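Some notes on the structure that comes next.
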Amino acid sequence: MTNTSTIARGGGNPSASGRRRNSPQRPARASGLPPWVIPYVLLVPGLVVIAGLLLYPLFQMIVISFQKVGIPQINGKKPAGWVGWDNYTKVLDNEIFWSSLRNTVVFAAVTVTLTLVLGTAVGTLLNKLGKKMSTVVVVGIMSAWAVPPVAQGVIWRWLFDADAGMINWMLNLLPDWLSSLLFGRADWTGEPWLNDALTIYLVLIICVVWASFPFIAVSVLAGLKGIPTELYEAARVDGSTPWRTFRKITFPLLKPVFSVLTILSIIWNFKVFSQLYVLMNGPTNREAFNLSMFSFAEAFRSPPKMGTGAAIAVILTLLLLVVTAVYVRQIVKTEEM
């Protein structure tokens with residue numbers, strides 16, 4: 001009787017009951033989606049943001065480049081009319097476009113080269129410093145990189161100001177014979193650095209290199225930290241010179257880093273706008289236009305021609321895509337060899 005009542009209460013097999021209570025329960029799947037779909041679903045918010053902030057404005061820019069958009073269209077008095085390839089034809093027939101293209105390419109080539117060389121040299125130097133000193137120098141140089149582009153232009157416009165700039169003041173401190181020997185003149189009072197296209201781009205190169213090389217230096221430093229020290233010790237034992245060590249060890253191992261930095265520098269320097277705008281005090285000197293400044297001047301100066309400005313922006317985007325594609329293709333070929 002006792003056994004029967006015990007079994008009826010479920011106590012006849014305590015081990016089986018314990019297994020039922022202690023067996024792990026599989027968590028119920030929150031959604032009925034297959035596991036391989038979940039990563040793509042998680043990417044949807046990011047893709048929506050990218051489409052809203054980048055793809056849609058790019059699509060609108062392309063559409064406007066085939067339309068005539070002026071003051072009547074902006075005010076809503078007239079609809080935007082389709083003009084086909086007329087905007088592109090006007091741009092390509094304009095001499096300012098070709099001078100702007102020349103300025104853009106030459107400026108980008110010089111600035112990218114100087115930025116990479118200076119950044120690599122500083123990054124190599126930082127790698128040889130102690131940890132505390134390296135940290136202090138990194139914080140110092142990154143302060144320049146953190147300055148907004150407009151503030152960069154304001155700083156260097158003040159330094160090269162014709163009346164109150166420190167550059168003219170410092171040059172006047174040089175002995176007359178030395179200044180005449182180096183520069184062919186002794187008096188720098190009132191020198192208008194920002195009136196001529198050549199000197200404007202000289203100041204712009206200094207401004208952009210000053211603000212850009214810290215990022216290159218820190219990136220190179222991060223890459224150098226990943227290179228085994230045994231390689232450098234072996235090279236030192238073999239009597240290798242510093243330049244040969246860099247050419248045979250450092251550069252090949254950091255080639256992927258240099259490739260990415262080169263592409264980023266090309267893109268950044270091709271579309272420099274804010275610093276040039278501040279240095280020129282607006283789109284005033286047409287001889288000093290680059291493609292970004294030319295696009296802005298066409299789209300927003302009176303009378304506004306937003307279709308032509310959009311066409312210039314599309315051409316600049318295509319140039320950047322072509323340059324990037326060619327460079328990436330060369331990188332892939334080098335990696336496959």
Side-chain angles (χ1 to χ4, degrees), residues 106-160 166-167 170-171 182 201-236 240-272 274-276 278-279 323-324 327 330-331 334:
V106 174
F107 166 77
V110 174
T111 308
V112 169
T113 302
L114 292 178
T115 303
L116 289 175
V117 171
L118 182 59
T120 302
V122 174
T124 305
L125 175 63
L126 290 173
N127 191 45
K128 295 183 180 296
L129 296 177
K131 185 175 181 180
K132 293 183 179 179
M133 182 57 67
S134 177
T135 303
V136 172
V137 176
V138 167
V139 172
I141 63 176
M142 290 304 290
S143 301
W145 182 74
V147 175
V150 173
Q152 296 169 20
V154 171
I155 291 171
W156 289 96
R157 180 176 175 82
W158 171 71
L159 288 173
F160 282 89
M166 289 189 64
I167 300 300
M170 293 175 63
L171 290 173
L182 295 177
Y201 273 94
L202 175 63
V203 178
L204 182 63
I205 289 171
I206 297 174
C207 173
V208 173
V209 170
W210 169 77
S212 302
F213 87 88
F215 177 79
I216 306 295
V218 173
S219 300
V220 171
L221 175 62
L224 290 172
K225 295 296 184 183
I227 299 177
T229 57
E230 293 81 3
L231 297 176
Y232 292 107
E233 293 175 358
R236 196 178 301 112
S240 177
T241 62
W243 170 245
R244 182 178 177 83
T245 301
F246 176 83
R247 189 163 53 89
K248 294 295 184 181
I249 297 177
T250 305
F251 183 76
L253 294 178
L254 292 184
K255 189 176 289 186
V257 176
F258 286 127
S259 300
V260 174
L261 293 176
T262 301
I263 294 175
L264 291 176
S265 298
I266 291 173
I267 294 174
W268 291 338
N269 292 317
F270 254 80
K271 55 191 186 75
V272 163
S274 301
Q275 299 95 322
L276 181 60
V278 174
L279 290 177
V323 171
T324 305
Y327 198 82
Q330 293 298 324
I331 295 173
T334 303

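Keep in mind that what you see is a predicted model, and the values were worked out from it rather than measured.
- At least one donor-acceptor pair under 3.5 Å links the side chain of Gln152 to the backbone N or O of Val147.
- Each of Asn269, Ile205, Val209 was compared with Val110 under the side-chain contact (heavy atoms from CB on, under 4.5 Å) criterion, and only Ile205 meets it.
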Below 3.5 Å, can you tabulate the donor-acceptor pairs from side chains in residues 123-136 to any protein atom, sequence neighbours excluded?
{"from": "Thr124", "atom 1": "OG1", "to": "Thr120", "atom 2": "O", "distance (Å)": "2.8"}
{"from": "Thr135", "atom 1": "OG1", "to": "Lys131", "atom 2": "O", "distance (Å)": "2.8"}

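- Between Ser265 and Ile216 there is a side-chain heavy-atom pair separated by less than 4.5 Å.
- Within 6.0 Å of CE on Met170 lie no more than 12 heavy atoms contributed by other residues, nucleotides or ligands.
- For the residue pair Gln275 and Val208, the shortest heavy atom distance occurs at NE2-CG2, 4.2 Å.
- Nearest heavy atom pair, residue Phe215 against residue Met142, reads N-SD, 4.4 Å.
- Between Lys248 and Pro252 there is no side-chain heavy-atom pair separated by less than 4.5 Å.
- Atom CG of Leu202 sits about 11.5 Å away from atom SG of Cys207, to the nearest 0.5 Å.
- When each of Thr262, Leu264, Ile263 is paired with Ile266, the side-chain contact (heavy atoms from CB on, under 4.5 Å) condition holds for Thr262 and for no other.
- Of all non-hydrogen atoms in Val278 and Gly153, the two that sit nearest each other are CG1-C, 3.5 Å.
- Within the 4.5 Å cutoff, the side chain of Val220 has heavy atoms near those of the Leu261 side chain.
- The shortest distance between side-chain heavy atoms of Val106 and Tyr201 does not fall below 4.5 Å.
- Nearest heavy-atom pair across Leu279 and Trp156 is CD2-C, 4.1 Å.
- Of the N and O atoms on the side chains of Tyr232 and Thr250, at least one donor lies less than 3.5 Å from an acceptor on the other residue.
- Ring planes of Phe251 and Phe258: parallel class, angle under 30° (limits at 30 and 60°).
- Residue Ser219 comes nearest to Val257 through the heavy atom pair O-CG1, 4.2 Å, listed as atom of the first residue, atom of the second, then distance.
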Should Trp210 and Ile155 be marked as a side chain to side chain contact (heavy atoms under 4.5 Å, CB included) after you check the CA-CA gap, both sets of side-chain angles, and the distance that decides it? CA-CA 11 Å; Trp210 169 77; Ile155 291 171; 4.3 Å; yes

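- Between Leu114 and Thr111, the closest side-chain pair of non-hydrogen atoms is not below 4.5 Å.
- Between the side chain of Thr245 and the backbone N or O of Thr241 there is at least one donor-acceptor pair closer than 3.5 Å.
- Taking both residues in full, the closest heavy atoms of Ala109 and Thr113 are given as O-OG1, 2.8 Å, listed atom of the first, atom of the second, then distance.
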Give the C-alpha distance, both sets of side-chain angles, the deciding distance and a yes or no for side chain to side chain contact (heavy atoms under 4.5 Å, CB included) between Val218 and Trp145. CA-CA 11 Å; Val218 173; Trp145 182 74; over 6 Å; no

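- Annotation: Arg244, atom CZ; neighbour count of heavy atoms from other residues, nucleotides and ligands within 6.0 Å does not exceed 12.
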